[in-house]
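Here is the structure we will look at.
Note: hydrogens, waters and symmetry copies are ignored here, and every other heavy atom, side chains too, is used. Convention: sequence-line order gives letters A, B, ...; per-chain numbering from 1. Note that the coordinates shown come from a computational prediction; the quantities given were computed from them, not determined experimentally.
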Amino acid sequence: MSRPQPLSGFPELLPRQRIVEQQVVDHLSRVFELHGFGNLQTRAVEPMDQLLRKGETSKEVYVLRRLQADANDTGDAELGLHFDLTVPFARYVLENAGKLNFPFRRYQIQPVWRGERPQGGRYREFWQADVDIVDQGELPAHYEVEVALVIADALRGLPIPKVRMHVNNRKLSQGFYRGIGIADTDEALRIIDKLDKIGPDAVAKLLIDGVDATPEQAEACLRLASISAADTSFADEVRALGVEDPLLEEGLTELAAVVDAVAKEAPGFIVADMKIARGLDYYTGTVYEVFIEGREHLGSICSGGRYDRLASDGKNTYPGVGLSIGVSRLLVPLLQAGSLDATREVPTCVLVALADEDGRPEANALAQRLRRRGIPTQVSPSAAKFGKQIKFADKRGIPFVLFTNEEGTQIKDIRSGDQVTVDADTWEPPVQDLYPRITAE
RNA sequence: GUGGUCGUAGUUCAGUUGGUAGAACGCUUGGUUGUGGUCCAGGAGGUCGCGGGUUCAAGUCCCGUCGAUCACCCCA
């Protein structure tokens, strides 16, 4: 086998697929910037103690080691590749707190690495597009609404199936569990998170075995988890269960505020869903998960939440709220299914045909005139028969071929076959042909 | 990390109880003496993932290994 095989979990795209990805990332950046988020990049590696703090030892972190490192050289800090963009961002905020202006908002689009076993929609190397807002000391609740609306704006502008954001509040769930007498509310949350996957009976059993719940307590947890609503009516349903706890009340109020505000600005986008829990343990309040309708099995394509204690140097605390879009999880399955494609596989809009090799300098000059006016142009690779040069363009999806002959400069639209004489200094392609576009389904 | 399935031309796949490989599409040449897409006629391309074993004989059976894929775990 001399031909290299792909590496499981490290997806690579073909040119036309990459064009789709590139345009999606451009779109996300544009929307984030429209909302006032500036871009940031952080290094690929973090010290292991940064990555593993907050009890994240379950994370499959890729550890970095120099090939020539001395076996007994313990001088270097151990490094690992980051597995998300939130933890490096929290570190960055602490490191540069004195130079940043708070409240601080940024977006970050970078690859992350996780050593898990790959599967459809799960990769070992994948791209995340992250938006966060952090403040110093206290983080006002309205930011929880704002980040959700940024994501609504970003995702709804993409040519993808309908998406829906499910929100919950950890205070609500944990207050409820505490209110009915369950001690290990963190574990209860993790078990409830499995509901969609393993079903109510299995969850009840896990609750009884895992957090010493009585069958009645497990039943109450399941009833809470079954509540969902696109408006604030969920609060009454929860209160109707008759559990009293101050943390629960706090969570209900906060969640109602988020749902109410987001539903008004982005109708149909958000739904309060009491079974959303999130595995990551640094979330302290609102948690979000976004699913593609009809592709729930992929898992969430965007998620996040509020974290009050992730960034703290002991003296100052920088609470934040943010969401992360799994760009690879969102796109790769749609690309592989052929639901998303590009109109062509190269940026080129015009191919300048070549009658003979001696004409190349003139052709180059002609191409340059088009480029100066922003029209992506390339010159034919060889002075082959015109049929072959047209075929060269056709195979790549290049819409126009430019010929120079006795009649002057002629542009042929190879889709229609129409060929007309034009002035190379004024001719414009139709706007939809200037750059490759994304086509859906 | 645990378990199931799979691994044949560039691609998608055939390959009959073991008898040393085939189709379609794609690619390429020509028909078409410099304007493609249709049509016709030719052509190139495979140590059957890799290694070992059983057999007179292995793409086909067995073992190992690598890779892919699905489920669990966990998550974007």
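Judged by distance alone with a 3.5 Å cut-off, no donor-acceptor contact links the side chain of D394(A) to the base of rG37(B). Side chain R122(A) to base rC74(B): a donor-acceptor pair is found below 3.5 Å. For rA76(B), its base sits under 3.5 Å from the side chain of R114(A) at one donor and acceptor pair at least. Residue Q389(A) places no side-chain atom within donor-acceptor reach of the base of rU35(B), judged by atom type and a 3.5 Å distance cut-off alone.
If you measure from atom CH2 of W113(A) to atom C1' of rC75(B), you get 17 Å, rounded to the nearest angstrom. When the C1' atom of rA76(B) is taken as reference, atom CG of L28(A) falls 13 Å away, rounded to whole Å. Straight-line distance from the CG atom of L298(A) to the P atom of rC70(B): 10 Å, rounded to whole Å. For the pair K391(A) NZ and rU32(B) C1', the interatomic distance rounds to 13 Å; values are reported in whole Å. If you take CZ of F291(A) and P of rC75(B), they are 13 Å apart, rounded to a whole angstrom. Here the C1' atom of nucleotide rA76(B) and the CG atom of L81(A) are 17 Å apart, to the nearest Å. Between F386(A) atom CZ and rU35(B) atom P there is a gap of 8 Å when expressed in whole angstrom units. Computed from coordinates, the Y282(A) OH to rC75(B) P distance equals 10 Å when rounded to whole Å.
Residue contacts for G120(A): at a heavy-atom cut-off of 4.0 Å it reaches the sugar-phosphate backbone alone, with no base atom in range. L354(A) comes within 4.0 angstrom of a base, heavy atoms only. Looking at heavy-atom distances under 4.0 Å, D130(A) makes no contact with the nucleic acid at all. Residue L330(A) is out of contact with every strand shown, counting any heavy-atom pair closer than 4.0 Å. Within the 4.0 angstrom heavy-atom criterion, no nucleotide atom of any strand lies near F392(A). Base engagement by R415(A) is indicated by at least one non-hydrogen atom pair under 4.0 Å involving a base atom. Nucleic acid contact class of A355(A) (heavy atoms, under 4.0 Å, all strands): base. Residue contacts shown for A383(A) include a base, since a base heavy atom lies under 4.0 Å away.
Side-chain proximity of I414(A) to the nucleotides rA76(B), rG36(B), rU35(B) is greatest for rG36(B). Distances from the side chain of S303(A) to the nucleotides rC72(B), rA76(B), rG36(B) place rA76(B) closest. Of the listed nucleotides (rA71(B), rA76(B), rU35(B)), rU35(B) has the atom at the smallest distance from the side chain of Q419(A). Among rA71(B), rU28(B), rA76(B), the nucleotide with an atom closest to any side-chain atom of Q119(A) is rA71(B). In the set rC75(B), rU35(B), rA71(B), the nucleotide with an atom closest to the side chain of R117(A) is rA71(B).
A distance of about 15 Å separates the C1' atoms of rG7(B) and rG51(B), rounded to the whole Å. Rounded to a whole angstrom, the distance from the C1' atom of rG15(B) to that of rA23(B) is 11 Å. Annotation: rG1(B) and rU65(B) have their P atoms spaced 12 Å apart (nearest Å). To the nearest whole angstrom, the two P atoms, one in rU28(B) and one in rG45(B), are 16 Å apart. To the nearest whole angstrom, the two C1' atoms, one in rU35(B) and one in rA21(B), are 41 Å apart. Between rU47(B) and rU11(B), the distance separating the two P atoms is 13 Å to the nearest Å. One C1' atom belongs to rU8(B), the other to rG22(B), and the distance between them is 10 Å to the nearest Å. Nucleotides rC56(B) and rG49(B), compared at atom P, are 25 Å apart to the nearest Å.
Distances shown here put a side-chain N or O of K385(A) below 4.0 Å from the OP1 or OP2 atom of rU33(B). Phosphate proximity of rC72(B) to K194(A): absent, as no side-chain N or O sits under 4.0 Å from OP1 or OP2. For K388(A) and rU29(B), the shortest distance from a side-chain N or O to OP1 or OP2 is below 4.0 Å. Put simply, S324(A) has no side-chain N or O that comes within less than 4.0 Å of OP1 or OP2 on rA76(B).
Between E187(A) and R190(A), at least one side-chain N (NZ, or NE/NH1/NH2) sits under 4.0 Å from a carboxylate O, which counts as a salt bridge. Ion pair E146(A)/R105(A) flagged as a salt bridge, since at least one NZ, NE, NH1 or NH2 atom sits closer than 4.0 Å to an Asp/Glu carboxylate oxygen.
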Working note: R415(A) + D433(A), criterion salt bridge (charged side-chain N to carboxylate O under 4.0 Å, His left out); need CA distance, chi angles, decisive distance, verdict.
CA-CA 12 Å; R415(A) 295 158 301 187; D433(A) 287 334; 2.8 Å; yes
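When the shell of 6.0 Å around CD of Q432(A) is examined, it contains more than 12 heavy atoms from other residues, nucleotides or ligands. Atom CD of E95(A) has more than 12 heavy atoms from other residues, nucleotides or ligands within 6.0 Å.
With hydrogens and angles ignored, the 3.5 Å screen pairs no side-chain donor or acceptor of H166(A) with any backbone N or O of V287(A).
Residue W427(A) is tested with L402(A), T409(A), V350(A) for a side chain to side chain contact (heavy atoms under 4.5 Å, CB included); the sole match is V350(A).
Atom NZ in K162(A) sits 13.0 Å away from atom CG in L155(A) (nearest 0.5 Å).
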